[in-house]
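A short worksheet on the structure shown next.
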Amino acid sequence: MAVVTVIVAFYRHTAPGNPTTVALTFLLAVLVVSATWGLLYAVFLAIIATLALNFFFLPPVGTFTIADSQNWIALVVFLTTAIIASQLSERARREALHATQRRKEIERLYTFSQRLLTTENVPELLNAVPKYVAECFGVRTAAVFVAGRADIYRSGPDVHGLDAEQLKSVMVRGEPAIGASGQNSVAPIRLGVQSVGAIGVSGGLLSLEILEALGTLIAIAIEHTRAIEKLGKAEATRENEKLRSAILDSVTHEFRTPLTSIKASVTTLLTTNELGAPEHRELLTVIDEESDRLNRLVGEAALMAQLDANQVELHRQPHHISEAIDRALEESKQTLGAHPVKTDVPESSPLIWIDLERITDVLRQLLENAGKYSPSDSPIYVSAEARDGELVVSVADHGPGIDDFEQALIFDKFYRGKSERYRVQGTGMGLAIAKAIIEAHGGAIGLVSQLGNGSVFHFTLPLRPAAAE
């Protein structure tokens, strides 16, 4: 009514116009109202505009009487044109709204599908799906049931009406149950033609298409996650088999070597009666040394298992690091052979709280490593210095060096350098044990190496006063 009043006042008092101009202005107003508020308002405006055009602009002016038959035709054409234009405008408006709604639904489905790809195991996925549905589609609550699982996965504790029986019933029937606005709606989760579960929402109205799309996406995500789990398990099984083979090969070889030496020495002692005292003593020395080596191998394996299970208890006491270095040098004397060892440990180095036996094991592993992989007469350097609240201990050699790729793997269990694993004996447990012991002390271990120029293994131990222990 206001629009009609404004148009009539404008053409009657401000800018007088002929009936054709007024009719086109009214038609424009009808189109604007139709596009803005809908068909009902536009039809009402078209009727009022027709009456106003007749009363104010068609002769005789001021009456609803039409003197000229041509004006009847003009009024009917105007009204018909206004209504048809309103319908077309309303249709375009509805289609635009529908397209906008579909675009938003597709965006929500895309966001939902992206979230489904962030989980890597089925229980985690099923726990997260109801929450994702509630967040992406603006419903109050959501619930998911999957065949073969006893639990109902919900977005929250307040899920009215979405009980297990309703979800199971929809899954069995394979038919959705769509509630009215604000009520519960449930749709099956389908993988192909097979129903594998049901998805229910409450507190929001979703179209049948969206519910079916949700069910399909959830089913695909479940199968995708299961496939990833199976692939991961298969890969883990293959890796376990490779690791088992590597362990058996390495450990068997390491155990067989001292056993062979012991067996040969004992056989010689038992079968030969003409051995002199020096030969007799040499064979017994071999038996003694190889027995110690065998015992150490068993001890390393047991220690590795204890460290993995976090069952190793550290007995920390204040010690000078030179105590551990001296003990490690004594225990590694046979492995080091002709290697000259140069130490640089300041007498002013502070006491540190350590398990002396374990830190000695770490140093012995690093020294023996340096001795095995370095030329027989090359020097080995051991140094220690206090720096930034830590004691840094380093063992340097002149070995072949380690490339960048292997540096990231060298402290893994049973890993041995690809270029040296067949030339130098070892189980691949030593550096893994050293890393576990240092980390149990609150420190870190690492290395700096360059191919052809040797390696420097270093570890840190925190400096703590006796009162802190």
Side-chain angles (χ1 to χ4, degrees), residues 101-240:
Q101 182 181 2
R102 298 295 292 177
R103 176 180 59 80
K104 291 180 179 179
E105 289 177 348
I106 292 173
E107 289 175 351
R108 290 173 176 176
L109 285 172
Y110 175 76
T111 302
F112 179 69
S113 65
Q114 291 298 105
R115 289 195 176 190
L116 293 179
L117 297 176
T118 59
T119 53
E120 296 183 355
N121 63 77
V122 174
E124 181 183 350
L125 174 68
L126 294 177
N127 279 307
V129 162
K131 180 181 176 182
Y132 293 162
V133 171
E135 291 177 353
C136 293
F137 294 92
V139 298
R140 186 176 67 246
T141 53
V144 171
F145 169 75
V146 175
R149 295 183 177 269
D151 296 331
I152 303 295
Y153 300 90
R154 307 178 186 275
S155 61
D158 185 23
V159 183
H160 298 293
L162 296 176
D163 54 27
E165 292 302 322
Q166 184 180 9
L167 294 170
K168 291 178 182 178
S169 174
V170 169
M171 182 196 71
V172 172
R173 294 198 317 268
E175 297 286 341
I178 308 297
S181 178
Q183 296 181 355
N184 302 329
S185 298
V186 185
I189 296 175
R190 288 196 184 96
L191 188 64
V193 296
Q194 181 183 5
S195 294
V196 296
I199 169 72
V201 298
S202 177
L205 181 62
L206 298 182
S207 65
L208 175 62
E209 293 82 3
I210 290 296
L211 283 172
E212 290 182 343
L214 280 177
T216 302
L217 284 175
I218 294 170
I220 293 173
I222 292 173
E223 287 304 305
H224 174 263
T225 307
R226 283 175 177 168
I228 291 177
E229 285 184 339
K230 290 179 181 178
L231 182 62
K233 290 178 181 178
E235 185 65 25
T237 302
R238 285 195 295 270
E239 290 299 321
N240 284 337

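Keep in mind that the numbers below use all heavy atoms, side chains included, and drop hydrogens, waters and symmetry copies. Everything numeric in this text was worked out from a predicted model, so none of it was measured.
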| request: Apply the test side-chain contact (heavy atoms from CB on, under 4.5 Å) to residues Lys168 and Arg173: give CA-CA distance (whole Å), side-chain angles for both, the deciding distance (0.1 Å), then the verdict. | output: CA-CA 9 Å; Lys168 291 178 182 178; Arg173 294 198 317 268; over 6 Å; no
| request: Could you go through the side-chain contact (heavy atoms from CB on, under 4.5 Å) check for Val186 and Phe145 one step at a time? | output: CA-CA 11 Å; Val186 185; Phe145 169 75; over 6 Å; no
| CG/Leu214 to CD/Glu212 distance, rounded to the nearest 0.5 angstrom? | 10.5 Å
| message | Distance check, rounded to the nearest 0.5 Å: His224 atom NE2 versus Leu125 atom CG? | response | 10.5 Å
| request: For side-chain contact (heavy atoms from CB on, under 4.5 Å), just list the numbers for Val129 and Tyr153, CA-CA rounded to whole Å, side-chain angles, deciding distance to a tenth of an Å, and then say yes or no. | output: CA-CA 8 Å; Val129 162; Tyr153 300 90; over 6 Å; no
| query | Between Val144 and Pro130, which heavy-atom pair has the shortest distance, and what is it? | reply | CG2-CG, 4.0 Å
| What distance separates Ile189 CD1 from Ile220 CD1, expressed to the nearest 0.5 Å? | 11.5 Å
| field | Minimum side-chain heavy-atom gap Leu211-Val201 below 4.5 Å | value | yes
| request: Let me see the working for Phe137 and Leu109 under side-chain contact (heavy atoms from CB on, under 4.5 Å), right down to the final yes or no. | output: CA-CA 9 Å; Phe137 294 92; Leu109 285 172; 3.6 Å; yes
| note | When rounded to the nearest 0.5 Å, the distance separating CZ of Arg102 from CD of Glu107 is 12.5 Å
| said: A side-chain contact here means heavy atoms from C-beta on lying under 4.5 Å apart; do Leu191 and Ile222 qualify? | reply: no
| task | State, yes or no, whether a side-chain contact exists between Thr111 and Tyr132 at a heavy-atom distance under 4.5 Å. | result | no
| task | List the steps, then state whether salt bridge (charged side-chain N to carboxylate O under 4.0 Å, His left out) holds for Arg226 with Glu223. | result | CA-CA 5 Å; Arg226 283 175 177 168; Glu223 287 304 305; 3.2 Å; yes
| Heavy-atom check, side chain of Arg190 versus side chain of Met171, under 4.5 Å | no
| query | Do Ile199 and Leu167 have side chains that get closer than 4.5 Å, going by heavy atoms? | reply | no
| If we only count heavy atoms from C-beta on, is the Pro176 to Ser185 side-chain gap below 4.5 Å? | no
| request: Please round to the nearest 0.5 Å and tell me the distance separating atom CZ of Arg154 and atom OG of Ser202. | output: 11.0 Å
